[in-house]
Amino acid sequence: MTIHLPRAGGGTFAYTPRTQPFTVSGSAPLVSRTVFSAAHVVADPYADVSPDGPAAVDWDATLAFRRHLWSHGLGVAEAMDTAQRGMGLDWAGAAELIRRSAAEAKAVGGRIACGVGTDQLTGPAGLPTLAEVTAAYEEQLALVEGTGAQAILMASRALAAVARGPEDYLTVYGTLLRQASEPVILHWLGPMFDPALEGYWGSADLDAATETFLEVIAAHADKVEGIKVSLLDADREVALRRRLSRIAGGVVRCYTGDDFNYPELIAGDDHGFSHALLGIFDPLGPLAAEAVRVLDTGDTKGFRELLDPTVELSRHLFQTPTRFYKTGVVFLAWLAGHQSHFSMVGGLQSARSLPHLARAYQLADQLGLFPDPALAASRMTSLLDVHGVAQ
């Protein structure tokens, strides 16, 4: 079978899909690294909703995808930006997602951590106060902890908008961490993922922001299980990881959120390594888990041989505007047969071009990510037909 894929500059080229998928050797628990996949949500394609209305979620398909991730030994990072949090999924939808996924995790014995933010602070009422930001965080923290899931304190657009400097971040996070019932994961999401987070931790200077971030951690190390760093800067993450190892006896973990440099960061060096909480591990789930199992045996070279070839796909999906990587993630889930359609909440299936999607298909197919390559090829062909690309 040959598919004629569109080129970015015009025209098409012939591509022959592979016939066999990548196969994993087993489903043994992951040992040497803790690995979370930030999972997407599946939209209900039959819902008559507008892009700016409340999200309509296909709950059965959404939970089935989480069971798929758990079956490979991965943890699920729920209601994060991969789930279109703040980009189609509002707080009411996120709250329902958290409740349902946490219950499913209990039923199957899966690991889950859920995002805690302030996205109920929307509307034309103007900027919130610091007290209102704190109260919004507290509401979400109570819900997540009430489900038994681990909390991930996400970066807050509202806090970024209202904070006057580092001291306001120290106040808000200090209040939250003192009342957290269990250690949380702190999430530093860079502006490449969300432009509204420019200047987080009180400064656009990342060195200065890092000092505030570390000050929060040092003051409350007993309530911080780990940090997730999503700055797409491997050197900065390594430097932060090394400083983190000197805080509170090195008990605070670093979870890489770097979808450009994750193999080297997870593999680590003589001074340490990063665990993982990644959006790219949504489409890479089985392959990523297999790579970590190889790493569990002490075979770093084998780990890199499996995971390094996936970076080209990840960098493609996360190219600027990076926040639209979710479109590629859902597209690959459709091609892989995890859902019956390529629709997204908020209509974000339109956020990437046809050549971009075609390249994502080609790279994913070459990695063997599709359990049924023939199904993926058929669905890719149907999408091309709709867009007038003759086959």
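Residue numbers count from 1 along this sequence.
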Under the 3.5 angstrom rule, does the side chain of [X] hit a backbone N or O of [Y] as a donor-acceptor pair?
| X | Y | value |
| --- | --- | --- |
| Thr210 | Leu206 | yes |
| Gln179 | Thr175 | yes |
| Tyr325 | Thr82 | yes |
| Ser203 | Tyr200 | no |
| Gln20 | Arg18 | no |

* To do: Might you point out which heavy atoms bring Asp259 and Gly279 nearest each other, and give the distance in Å?
  =>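 Nearest pair, atom of Asp259 first, then Gly279: OD1-N, 3.5 Å.
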* **Non-hydrogen atoms of Ser343 and Val330 that approach each other most closely** =>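 Result for this residue pair: O-CG1, 4.1 Å.
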* Asked: Shared ILVMFWY cluster between Leu375 and Phe331, side chains joined below 4.5 angstrom?
  ->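 No, because Leu375 and Phe331 fall into different hydrophobic clusters, even though each may have its own neighbours under 4.5 Å.
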* Asked: Do Leu63 and Leu74 belong together in a cluster built from hydrophobic side chains that touch within less than 4.5 Å?
  ->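 Not linked; separate clusters.
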Are [X] and [Y] close enough that a side-chain donor and a side-chain acceptor fall under 3.5 Å?
| X | Y | answer |
| --- | --- | --- |
| Thr34 | Arg253 | yes |
| Glu237 | Asn261 | no |
| Asp296 | Ser32 | yes |
| Thr118 | Arg157 | no |

Between [X] and [Y] (judged by ring centroids, cut-off 6.0 Å), do the two rings come close enough to count as a pair?
| X | Y | value |
| --- | --- | --- |
| Phe318 | His316 | no |
| Phe281 | Tyr262 | yes |
| Phe370 | Phe22 | no |

* Asked: How is the hydrophobic cluster of Ile185 composed, in terms of its other members, when Ile, Leu, Val, Met, Phe, Trp and Tyr link through side-chain heavy atoms under 4.5 Å apart, directly or indirectly?
  ->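 ILVMFWY cluster around Ile185 also holds Phe36, Met80, Ile152, Met154, Tyr255, Leu277.
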* Asked: Where do Met192 and Arg323 land on the side chain to side chain contact (heavy atoms under 4.5 Å, CB included) test, with the steps shown first?
  -> CA-CA 7 Å; Met192 67 289 295; Arg323 64 189 181 278; over 6 Å; no
* **Pairing of Arg178 and Asp222 as salt bridge, 4.0 angstrom limit** =>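 Result for this pair is no, no salt bridge flagged.
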* Hey, is Glu305 close enough to Lys301 for a salt bridge, meaning N to O under 4.0 Å? ->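 A salt bridge is present here (some side-chain N lies under 4.0 Å from a carboxylate O).
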* Asked: Are side-chain heavy atoms of His275 and Cys254 found at a separation under 4.5 Å?
  ->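 A side-chain contact under 4.5 Å is absent here.
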* Asked: Do Met87 and Phe324 have side chains that get closer than 4.5 Å, going by heavy atoms?
  ->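 Heavy-atom side-chain distance check passes, below 4.5 Å.
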Identify every side-chain donor-acceptor pair in residues 380-387 under 3.5 Å, counting partners at least two apart or on other chains, and give the distances.
unit_1	atom_1	unit_2	atom_2	d
Thr381	OG1	Ala377	O	2.9
Ser382	OG	Arg379	O	2.7
His387	ND1	Leu383	O	3.0

* Where do Leu186 and Lys228 land on the side chain to side chain contact (heavy atoms under 4.5 Å, CB included) test, with the steps shown first? -> CA-CA 6 Å; Leu186 295 182; Lys228 178 190 185 257; over 6 Å; no
* What residues form a ring pair (Phe, Tyr, Trp, His ring centres under 6.0 Å) with His68, not counting sequence neighbours? ->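 Checked His68 against ring pair (Phe, Tyr, Trp, His ring centres under 6.0 Å); matches are Phe65, His72, His338.
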